[in-house]
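Notes for the one structure printed next.
The chains referred to below are lettered A, B, ... by the order of the sequence lines, with proteins before strands, and numbering in each begins at 1.
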Amino acid sequence: MLCDICNKHEATIHIQEVINSKKKAMHLCSECAVKKSQNDPSFDFGGFNLAEMLYNISESQSGFPGLSPISENETLDESKETEYLKCGNCQWTLKTLRRTGRVGCPECYNVFREAIDNALENMHRGKLHVGKKPGSKSTDKSSNFMLKLMKLQKKLDELVQREEYEKAAEIRDKINSLKKKINAPKAKKKNASK
Amino acid sequence: MPLNKIDKLLEHDVSWLLDSGPDGDIAISSRIRLARNIQSLPFPIAATAGQLEQIQTAAELALKKSKVIGKEYLDIHMSDYSELDRQILLERRLISSEFVEKKEHTSLFVKQDESCAIMINEEDHIRIQALCPGLQLFKVWEQINKLDLELEKSLPYAYDSQLGYLTSCPTNVGTGMRASVMLHLPGLVLSERINAAIQGVSKLGLAVRGIFGEGTDNRGNLFQVSNQSTLGESETHIIDRLSTVITQLVMHEKNCRLSLLKNKKHFLLDHIGRSYGLLRHAYTLSSEEALNSLSDIRIGVDMGMFNSIDLHTVNKLFMTINPAHLQKFAQKELNSQERDIFRAAFVRKQLKNAKHSQGE
């Protein structure tokens, strides 16, 4: 793809702005991008200073596990296409995300989904929320299950301490069947999502 | 001058430091916090002053209307209080160190017995925490869940069907829940098994840290074990997993204490006795010295060495010997040297009041 301005060089900077889920894209070569950001005040992406981004990006410390900051070599590597995104709702940029490890608003999760997805995989045990949701009391049931489980566990510990192993084995079986019941619906959900 | 609400907190006992909880000899307290945000408003890190004010007003209104934290609560605007007062809240574990520095448009709602606290405009719009003494995360979950259900009736939460509760930091997304238990593990430390235990727990995807700082700082032999992952597992599943691991740790600790008593009895008794002597008779006491000696006293109490000192007294001292509390009691600013002198006098008095009598 050629640069939108000079139409000569290969475009290596791709700016994409998302406003109300609509994308606006611009493709520039690094030379034109720097010139434009330095000379043209109308080239304003809400405090999104391209020159600063091109030259200082290696200073940004990643506060975001799994999302390493772009190194200087990478920004100079013109063959590599790097995409810079900005959230139209709160003006948060990918650079700020990398520097702070935080997103700016709920909408950022859509805008930066690709970058965040990779990081989420490293941070968490799954990629899909399976806990409570607003307006539902579904967890009450499993919380009762859990209370029962805790009580049984306590009883088991006491029995083991008193060396009453036969009774302990009964309780252990009860615990195991209860645990199966709790995990069963979740296992189904996991399979369904695959 | 308006009534200092923070002074009022100091008049009451902290409910989660009582020694009535299950496994209270080793597990001091169980804590859960939930991160919640209001739909379509930017997170505090990206919000304008106007938006922060909007969030603060909405959250305060919802809290007052829903009566979720009962009648006996204090609402504290952080900007009304001095640095020292804010440090007091930090030492009482009611706010985060980040919150101490954030004064504008931030508030704290806290139940009088400190079993529940809500920070407004910390990293997320709302951070709710609930605490109980001992190891009882399910009881804490029941309490905090009730509160959350009540609050969501008046606040539209930012929620995504795939990612769950949306939070400013992606490490909290999903349940928005961090559950943790504060453990006193001197047995594992004295028998040099603590590093193996920490490594074991880390491999299970749980985090272990010292209470007073990051990393290897284990003053007072106090540790906090918490979940790291918040996405892909339900709240109860996380709590179950955490509780199982902590029950194991508690058992290890008990075994270490027993084996020390069996194989190194004189070493252990001498260790505890010397610490008691230090706390009863020293005239300057650094914070580190005090915490480590208190840790020794705490095992002594558990072993029945001290008839009239109870765990509650020691638990409270772990909190009140910190700099902000001491300066509050002294009613003046103290430099580090003055604090050490005041701390020694304070601890001597507290232990004397406990009418000590040392058993065999």
Side-chain angles (χ1 to χ4, degrees), chain A residues 63-67 87 89-92 96-97 100-110 112-113 115-117 119-121 123-151 153-154 157 179 182-183 185-186 190 193, chain B residues 22 36-47 51 123 136-139 141-142 145-146 148-149 152-153 155-177 205 227-241 243-244 247 251:
Chain A
F64 203 7
L67 228 190
C87 172
N89 187 41
C90 69
Q91 315 304 319
W92 212 246
T96 351
L97 167 60
T100 61
R102 309 280 185 278
V103 293
C105 73
E107 178 63 20
C108 286
Y109 278 98
N110 286 325
F112 306 116
R113 177 142 280 183
I116 292 173
D117 260 1
L120 286 179
E121 220 163 315
M123 288 169 194
H124 300 291
R125 290 171 86 89
K127 288 179 78 174
L128 210 61
H129 176 57
V130 289
K132 72 179 277 196
K133 41 186 140 193
S136 81
K137 292 191 176 182
S138 61
T139 50
D140 285 0
K141 209 173 157 190
S142 64
S143 142
N144 281 340
F145 259 131
M146 286 298 174
L147 277 176
K148 222 175 176 178
L149 199 65
M150 292 282 280
K151 275 180 195 155
Q153 190 71 47
K154 193 101 196 162
D157 292 344
K179 275 193 175 168
I182 295 169
N183 292 325
K186 251 169 253 148
K190 256 183 206 163
S193 70
Chain B
R36 297 289 186 255
N37 289 282
I38 306 168
Q39 258 173 37
S40 58
L41 277 166
F43 300 132
I45 194 171
Q51 286 167 328
E123 184 181 293
Q136 41 183 349
L137 283 170
F138 275 101
K139 190 177 167 196
W141 169 243
E142 250 188 292
N145 190 30
K146 212 181 278 173
D148 188 42
L149 288 171
E152 74 175 26
K153 285 181 190 163
L155 287 177
Y157 283 153
Y159 179 86
D160 177 89
S161 60
Q162 283 183 24
L163 290 177
Y165 292 94
L166 300 177
T167 53
S168 183
C169 184
T171 50
N172 294 316
V173 85
T175 58
M177 180 184 83
N227 65 302
Q228 278 184 309
S229 163
T230 55
L231 184 65
E233 273 178 300
S234 71
E235 292 85 351
T236 43
H237 201 254
I238 293 171
I239 293 170
D240 180 41
R241 204 158 59 82
S243 301
T244 309
T247 309
M251 243 163 49

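Looking at Leu41(B), only its backbone comes within 4.5 Å of chain A, counting heavy atoms on both sides. Neither the backbone nor the side chain of Gln51(B) comes within less than 4.5 Å of any heavy atom in chain A. Looking at Glu152(B), the atoms closer than 4.5 Å to chain A (heavy atoms on both sides) all sit in the side chain, from C-beta outward.
With values rounded to the nearest 0.5 angstrom, Met177(B) atom CE is found 5.0 Å from Asn227(B) atom CG. Separation of atoms CE (Met123(A)) and CD1 (Ile116(A)) is listed at 8.5 Å; rounding is to 0.5 Å. Note that OH of Tyr165(B) and CG of Leu163(B) are 13.5 Å apart. Values are rounded to the nearest 0.5 Å. Atom NZ of Lys132(A) is separated from atom CG of Asp148(B) by 3.5 Å, given to the nearest 0.5 angstrom.
When side chains are defined from C-beta on, Thr230(B) does not count as touching Thr167(B), because their heavy atoms never get closer than 4.5 Å.
Contacts with chain A were tallied for Gln162(B), Met251(B), Gln228(B), Gln39(B); Gln162(B) has the most, counting heavy-atom pairs under 4.5 Å. Put simply, of Ser168(B), Gly164(B), Ala46(B), the one with the most heavy-atom pairs under 4.5 Å next to chain A is Ser168(B).
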